[in-house]
Amino acid sequence: MSAERASAEDERSYVETARRENRAAVEALGVPAFAYRFERSHTSAEALALYDDAMGEEGPEVVVAGRLVSWRPKGKVAFGHLEDTAGQIQIYIKRDDLPLAWPLVNLLDLDDYIGVTGRVFRTRAGEITIRTSAVALLAKSLRPLPRGKTVTDPEGRTQVFGGLTDPEVRFRQRYADLAVHPEVRDIFRLRARTVGYIRRFLDDRQFLEVETPVLQPLYGGAAARPFVTHHNALDTRLYLRIADELYLKRLLVGGFERVYEIGHDFRNEGMDRTHNPEFTMLELYQAYADYEDMMRLTEELLSGLVQHCTGGHALERGGVTLDFTPPFARVDFVEGIRARSALDVRSASDPEMRDALRRTGSEAADLGTLSGGKLQDEVFKQFLEPHLLQPTFVLDYPKPLSPLAREHRSDPSLTERFELFVGGRELVNAFSELNDPDEQRRRFEEQVRQRAAGDDEAHAFDADYIRALEYGMPPTGGLGMGIDRLIMTLAGQESIREVILFPAMRPES
RNA sequence: GGGGGCGUAGCUCAGCCGGUAGAGCAAGGGACUUUUAAUCCCUAGGUCGUGGGUUCGAGUCCCACCGCCCUCACCA
């Protein structure tokens with residue numbers, strides 16, 4: 001529906017017209033369509049829990065409030081369900097119980113917010129219900145929610161006929177999606193619990209939560225294209241951050257030994273089922289730790305989190321049982337690829353890697369122009385990544401892929417870096433942080449060469465970051481975890497948009 | 001950005017070989033004082049995404065555009 005149509009009085013749908021007539025009729029009774037406040041005594045769940053069958057028809061009196069989500073007027077009596085934050089409860093309204101309010105009752109619409117006073121009892125049909133003695137209109141609904149018909153069969157299974165299913169409408173009008181889908185609200189409750197758990201986990205381990213700039217004069221910490229903006233007063237170009245990394249490590253130079261940030265990163269890339277232009281990232285840095293410590297911390301955090309969510313260490317996802325019992329499986333980046341492709345990415349030439357990719361049908365569009373680190377990454381994606389269903393650490397990435405990671409202590413062609421894969425998706429990226437300013441300078445210089453050669457995702461040279469490292473940064477382990485993807489895994493969702501309240505959309509025309 | 005698919009009532013969807021628009025739910029009127037997919041009777045509701053074209057005639061065929069979905073590319 002277009003905005004013009006929604007705002008044009010004469011083109012309003014007949015359904016909305018009927019609701020506006022009801023509003024006028026309610027106001028004609030002297031009842032405001034929108035109340036200022038309401039005092040309830042119980043939530044729906046609390047009211048249900050109060051009732052005991054020994055009470056018969058004389059259960060305790062409760063005052064509840066919520067949205068009218070079903071409405072079955074039946075002559076001189078009416079039934080409906082109120083939905084609030086805790087669930088639903090049935091209400092029963094009998095004309096003879098509230099003759100003065102009956103005209104108002106007849107003007108109620110589905111989706112109105114109302115408050116109801118009455119005693120709890122159990123109907124003949126067996127449902128615990130409020131026998132209404134007073135009704136208050138709290139907010140009129142002038143636009144019907146796109147709700148389907150929910151049918152519950154004798155075994156208690158529910159099936160919805162119709163309803164809001166169009167993804168475009170669901171995400172554009174997330175308020176309507178949330179209003180008619182309690183299970184969607186549950187995903188975001190799970191999300192909040194998860195993030196809360198992570199904060200407690202880190203706080204308990206003496207990590208300090210910090211906030212670093214979102215608007216940055218120079219972006220870095222990942223390979224991605226940024227969003228660009230402009231500061232008027234400074235008349236200068238600024239970038240929305242693509243990662244927190246370089247600022248957080250500056251804080252270790254400053255003397256904080258354990259820091260973390262949970263915030264939004266912004267990457268100006270395509271959108272699909274696992275990418276939203278802005279997304280939530282956890283990054284943490286721990287002094288005197290290396291990537292082995294980060295693996296242990298990852299195992300503790302995720303196994304504890306899965307336990308917190310499910311009571312066990314397993315997640316059932318798409319017919320696969322994901323087992324988060326530590327320790328997680330480990331596979332060597334180089335050895336893992338060699339086992340499946342006979343390629344040693346440390347020594348293989350670019351043409352050899354391209355050949356191997358072509359033979360297995362890689363469809364990378366610019367295979368011919370990829371080189372070095374980018375080719376190694378492509379080989380990994382082609383040969384190893386699809387096999388990583390169970391939680392698996394992939395360790396020791398080649399140096400060209402990891403300009404901020406420290407050289408491996410036993411192989412100078414590699415870095416001490418790992419990524420954790422779950423269900424074929426990357427969830428965590430971590431390394432022993434490079435803290436030698438001279439080596440970091442050389443890595444940046446190499447990035448600048450790649451940028452000059454056409455890689456527009458290569459790092460810029462960050463001289464201030466080098467200056468910070470020159471003051472001295474302790475040995476440090478660092479870790480980044482994509483929170484949205486974590487929630488996807490925990491909630492069993494295949495699209496990132498299901499776990500972001502307002503996912504990015506093309507503007508409505 | 002490439003490829004494929006879709007767009008019909010408030011919602012979910014039918015609509016055949018091109019012949020002038022249909023259902024369920026929601027809505028309006030009526031009956032019904034323990035219903036729960038309430039039931040029963042009646043009624044209304046559509047510029048078929050937009051703009052062109054072909055045709056005596058287009059929801060249907062063709063072209064373009066807009067939007068969404070899937071997929072590939074980029075990426076976490």
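Convention: sequence-line order gives letters A, B, ...; per-chain numbering from 1.
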What integer distance in Å separates [X]:[atom1] from [N]:[atom2]?
X        : N      : atom1 : atom2 : answer
A:His81  : B:rU35 : NE2   : C1'   : 10 Å
A:Asp377 : B:rC74 : CG    : C1'   : 12 Å
A:Lys94  : B:rU35 : NZ    : C1'   : 14 Å
A:Leu48  : B:rU36 : CG    : C1'   : 14 Å
A:Arg131 : B:rU35 : CZ    : P     : 13 Å
A:Leu108 : B:rA26 : CG    : P     : 17 Å
A:Ile500 : B:rA76 : CD1   : C1'   : 11 Å
A:Arg72  : B:rU33 : CZ    : C1'   : 15 Å

Considering every strand and a 4.0 Å limit on heavy-atom distances, what is the contact class for [X]: base, sugar-phosphate, or nothing?
X        : result
A:Ala224 : nothing
A:Asn429 : nothing
A:Asn268 : nothing
A:Glu127 : base
A:Glu57  : base
A:Arg170 : nothing
A:Ala222 : nothing

[atom1] atom, [N] versus [M]: distance in rounded Å?
N      : M      : atom1 : answer
B:rA14 : B:rU60 : C1'   : 14 Å
B:rG46 : B:rA31 : C1'   : 31 Å
B:rG52 : B:rC13 : P     : 30 Å
B:rU50 : B:rU55 : P     : 23 Å
B:rA38 : B:rG24 : P     : 16 Å
B:rC66 : B:rG51 : C1'   : 10 Å
B:rG49 : B:rC6  : C1'   : 11 Å
B:rU39 : B:rC32 : C1'   : 9 Å

Is the shortest side-chain N/O distance from A:Arg122 to OP1 or OP2 of B:rU34 below 4.0 Å?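 No.
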Reckon A:Lys74 has a side-chain N or O less than 4.0 Å from the OP1 or OP2 of B:rU39?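 So the side chain of A:Lys74 is outside the cut-off, no N or O lying under 4.0 Å from OP1 or OP2 of B:rU39.
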Partner nucleotide of [N] by Watson-Crick or wobble geometry (both distances under 3.5 Å):
N      : value
B:rA27 : B:rU43
B:rA38 : none
B:rG22 : B:rC13
B:rG57 : none
B:rC65 : B:rG49

Ignoring hydrogens and angles, are the base of [N] and the side chain of [X] linked by a donor-acceptor pair under 3.5 Å?
X        : N      : result
A:Arg124 : B:rU34 : no
A:Ser70  : B:rU36 : no
A:Gln90  : B:rU35 : yes

Pair A:Arg72, A:Gln90 - check side-chain hydrogen bond (donor to acceptor under 3.5 Å, both in side chains), show working. CA-CA 11 Å; A:Arg72 297 179 293 279; A:Gln90 181 168 254; 2.8 Å; yes
Is the CD atom of A:Glu211 crowded by more than 12 outside heavy atoms at less than 6.0 Å? no
Using a 6.0 Å cut-off, check whether atom CZ of A:Arg406 has over 12 heavy atoms from anything other than its own residue. no
Check step by step if side-chain hydrogen bond (donor to acceptor under 3.5 Å, both in side chains) holds for A:Thr212 and A:Arg241. CA-CA 10 Å; A:Thr212 61; A:Arg241 70 176 172 203; 3.3 Å; yes
Passes side-chain hydrogen bond (donor to acceptor under 3.5 Å, both in side chains), A:Arg19 versus A:Ser141? Steps please. CA-CA 7 Å; A:Arg19 291 203 168 195; A:Ser141 167; 2.9 Å; yes
Near-parallel close stack of A:Phe79 and B:rA38 base (under 5.5 Å, under 30°):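 So no, this residue does not stack on that base, at least one cut-off failing.
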Quick one about A:Glu245 and A:Tyr247 (side-chain donor to acceptor, distance below 3.5 Å, no hydrogens or angles considered), yes or no? no
What's the separation between atom CG in A:Leu420 and atom CG in A:Leu302, rounded to the nearest 0.5 Å?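 Spacing of CG (A:Leu420) from CG (A:Leu302) equals 6.5 Å.
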Do the rings of A:Tyr397 and A:Phe333 sit parallel, tilted or perpendicular, given the 30° and 60° boundaries? tilted
Nearest-nucleotide 5' precedence on RNA chain B, A:Leu145 against A:Tyr92: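 Its nucleotide being nearer the 5' end, the pick is A:Leu145.
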